[in-house]
Amino acid sequence: MTTTSAPKAPAKAPKRGIHHQPPSMRVLAVKIVLLSLVDAVAVFAMSALFFKGDYAVAGIVLIVTLLVNWIYLSPGLLPAKYLTPGLIFLGIFQIFVIVYSMIIAFTNYGDGHNSTKEDAVASIVLQNTQRVEGSPAYRVTVVDGLGGLGLLATSPEGEVLVGTQEEPLEPVDPGAVTLEGERAVAVEGWTSLAMQDILQRQQEIAALQVPLSDDLADGFLRTTDAVNAYVFESTFVYDEAAGTMTDTLTGTVYEDRGNGAFESADGQQLGTGWQIFVGGQNFLYPFENPRYGGALLSVMAWTFAFAILSVGISFFLGLFLAIALNDPRMRSKQVYRVLSILPYAFPSFLGALVWLGLLNTEFGFVNNAIFGSADIPWLTDPWLAKVSMIVVNVWLGFPYMFLICLGALQSIPEELTEAAAVDGATGWQVFGRIKFPLLLVSTAPLLISSFAFNFNNFNTIYMLTRGGPRMQGIEENVGHTDLLITLVYKTAFEGGTRDYGLAAALSIIIFIVVATVSAIAFRRTKALEDLN
């Protein structure tokens, strides 16, 4: 008997759409979308850099963008596709920072020396102005635009002009102006500020000075009531041919003597200067200033002592607790382990602030409850402050050492200790000749990284003492508990003068010291591994 199967129904053609495209097509579509977003951001960045005049950086962004497109649109180059994002972030957040710091270290970049000579000249001229006696009043409206605050001014002759502190006054098309009587109150492309906005920004408006022309010697418009403006002229005149700045009130002539500032014959400098290359001057400054050099040596010695003592005491305290809480005869081990790692659960800056209250001389718990209301200056005496820093840092750091030592001890095979005990070794011999060397092999790299961390432990020092108490006899803000990293921060961002060039030079010194110590320590760690 012959059987025939029913004819199969024709397969339905798949609907067109992205959900039914082959996987390779969907991946390509996602790639194109992501690359389009990256390219859009890159084009925006290149445009901004180009108009700012940073052509070199714009060129680098262009090259990197083209390279990224080539890598991700090519069918092969699989390793490059994985490595490219990491390499880009490495270049931005590591290599660029290091190179930029090295560049800054060889300049006088800092307060009063943070821009070009042209900007310094304009700043000096703007900062020293006085009203021209008998100058006519301009009717003004304060406006805001892409260039920042500006003045929409109506001259005594009826001409309407608009300008900002960066762009001088220029005539406005009469058809784009709204007038109230003879005063211009609005202009296309600008937003006129309401009275409420004027009151909120009155200090900014009072400091606004709009040049009358490209030549700053022609004067500026300034207003105090946002209605009337008057002509002001600078008391300093810059002679571009001679490279001099003259104070017209006193007749003093300031010259460019190659040190990034205008200086008079008697050595007096104007407050605003410009950035120049100074070579190794920042690195030689500690040698040229003996007091600062002595303070820097003291800070460096304390930095090493702080890092070594913090790591050493934390390690041995953590090791002691790990041995005790790893003993099988110990009861309630889990409870004690949880209590031991509690300091590790708090953020370091929060723990330091708690200790700041505990160690307060007058109201702190330590003085009032433990020492019977004694006035012990834990944070204001040079030596007691250093002891306090180490105690607090050990309290913050020993739980980490406890955890790594506990893990290292539990990873040592019990067969080794049992075999040593059978051979007649005592408990001290088993620990000193078997467990401790094996423990060092696994913990030595972590001790090195902990040393590097404590060498730059900014939080504990700054939260407790801000580097104080301050050393006497030197002009710079250097304290007895300052680490190199806190000294760098204070040099760059605190005090009367922010010296970014010197701070960058100190940062390079820190990098060299930490890199050298780490390299030596890792070589010794390798030798320790070979012995075991």
Side-chain angles (χ1 to χ4, degrees), residues 40-41 43-54 58 115-116 118-238 248 272:
V41 174
V43 169
F44 175 78
M46 284 186 289
S47 301
L49 291 168
F50 180 82
F51 288 114
K52 285 183 62 179
D54 295 330
S115 190
T116 62
E118 290 74 16
D119 291 338
V121 170
S123 178
I124 294 171
V125 171
L126 286 170
Q127 291 173 0
N128 299 275
T129 59
Q130 62 181 5
R131 180 178 171 181
V132 177
E133 192 172 342
S135 63
Y138 286 68
R139 302 283 286 173
V140 296
T141 299
V142 182
V143 293
D144 196 4
L146 295 177
L149 281 184
L151 293 179
L152 176 62
T154 306
S155 70
E157 294 79 17
E159 185 180 14
V160 179
L161 310 104
V162 67
T164 66
Q165 188 154 308
E166 303 296 331
E167 299 293 333
L169 290 173
E170 292 184 354
V172 178
D173 181 8
V177 178
T178 301
L179 298 175
E180 284 187 1
E182 297 182 354
R183 175 191 174 199
V185 295
V187 63
E188 292 182 4
W190 297 81
T191 301
S192 300
L193 296 189
M195 182 56 65
Q196 182 179 358
D197 298 323
I198 292 174
L199 293 175
Q200 291 177 349
R201 304 176 69 175
Q202 56 183 342
Q203 291 185 348
E204 188 179 354
I205 294 171
L208 179 64
Q209 301 186 97
V210 180
L212 293 175
S213 68
D214 290 327
D215 187 359
L216 299 181
D218 290 341
F220 311 86
L221 277 188
R222 292 185 62 178
T223 181
T224 56
D225 58 6
V227 176
N228 297 299
Y230 299 92
V231 178
F232 283 68
E233 287 184 349
S234 178
T235 58
F236 279 80
V237 177
Y238 177 61
T248 57
T272 304

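Bear in mind that the values here come from a model prediction, so they are computed numbers and not experimental data. For this chain, numbers begin at 1 and follow the sequence in order.
- Contact detail for P211 and E167: the closest heavy-atom pair is CD-O, 4.4 Å.
- Considering CG of L152 and OG of S192, their distance stands at 6.5 Å, rounded to 0.5 Å.
- Of all non-hydrogen atoms in A137 and Y230, the two that sit nearest each other are CB-CE2, 3.5 Å.
- With values rounded to the nearest 0.5 angstrom, I198 atom CD1 is found 5.0 Å from M195 atom CE.
- The two residues T154 and E182 have their closest heavy-atom pair at CG2-O, 3.2 Å.
- Side chains of Y138 and T223 form no contact here, defined as non-hydrogen atoms less than 4.5 Å apart.
- Contact of the T129 side chain with the E233 side chain is not registered, since no non-hydrogen atoms from C-beta on lie closer than 4.5 Å.
- Taking OG1 of T141 as the start and CH2 of W190 as the end, the distance is 12.5 Å to the nearest 0.5 Å.
- Remark: A120 engages T272, W274 in a side chain to side chain contact (heavy atoms under 4.5 Å, CB included) (not counting sequence neighbours).
- Here CD of Q165 is found 10.0 Å from CG of L151. Values are rounded to the nearest 0.5 Å.
- Residues F236 and V121 fail the side-chain proximity criterion, which asks for heavy atoms closer than 4.5 Å.
- One distance of note links CG of L208 with CG of L221; it measures 9.5 Å at 0.5 Å rounding.
- Within the 4.5 Å cutoff, side-chain heavy atoms of L193 are placed close to those of L149.
- Nearest heavy-atom pair, A184 versus V160, reported as atom, atom and distance to 0.1 Å: CB-CG1, 3.8 Å.
- For Q200, the CD atom counts as densely surrounded, since its 6.0 Å shell holds more than 12 non-hydrogen atoms of other residues, nucleotides or ligands.
- Remark: Q127 CD to Q209 CD distance equals 9.0 Å, nearest 0.5 Å.
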Start with the C-alpha gap between V231 and R131, add the side-chain angles, then the distance that decides, and say whether side chain to side chain contact (heavy atoms under 4.5 Å, CB included) holds.
CA-CA 6 Å; V231 178; R131 180 178 171 181; over 6 Å; no
Verdict with supporting geometry, V162 and E170, side chain to side chain contact (heavy atoms under 4.5 Å, CB included)
CA-CA 6 Å; V162 67; E170 292 184 354; 5.6 Å; no
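- Closest approach of V237 to T248, counting heavy atoms only: CG2-CG2, 3.6 Å.
- For D214, the CG atom sits in a loose shell: 12 or fewer heavy atoms of surrounding residues, nucleotides or ligands are nearer than 6.0 Å.
- For the pair V125 and S234, the tightest heavy-atom approach, listed with the atom from each and the gap, is O-OG, 2.9 Å.
- In this structure, R183 contributes its side chain and V140 its backbone to a donor-acceptor pair below 3.5 Å.
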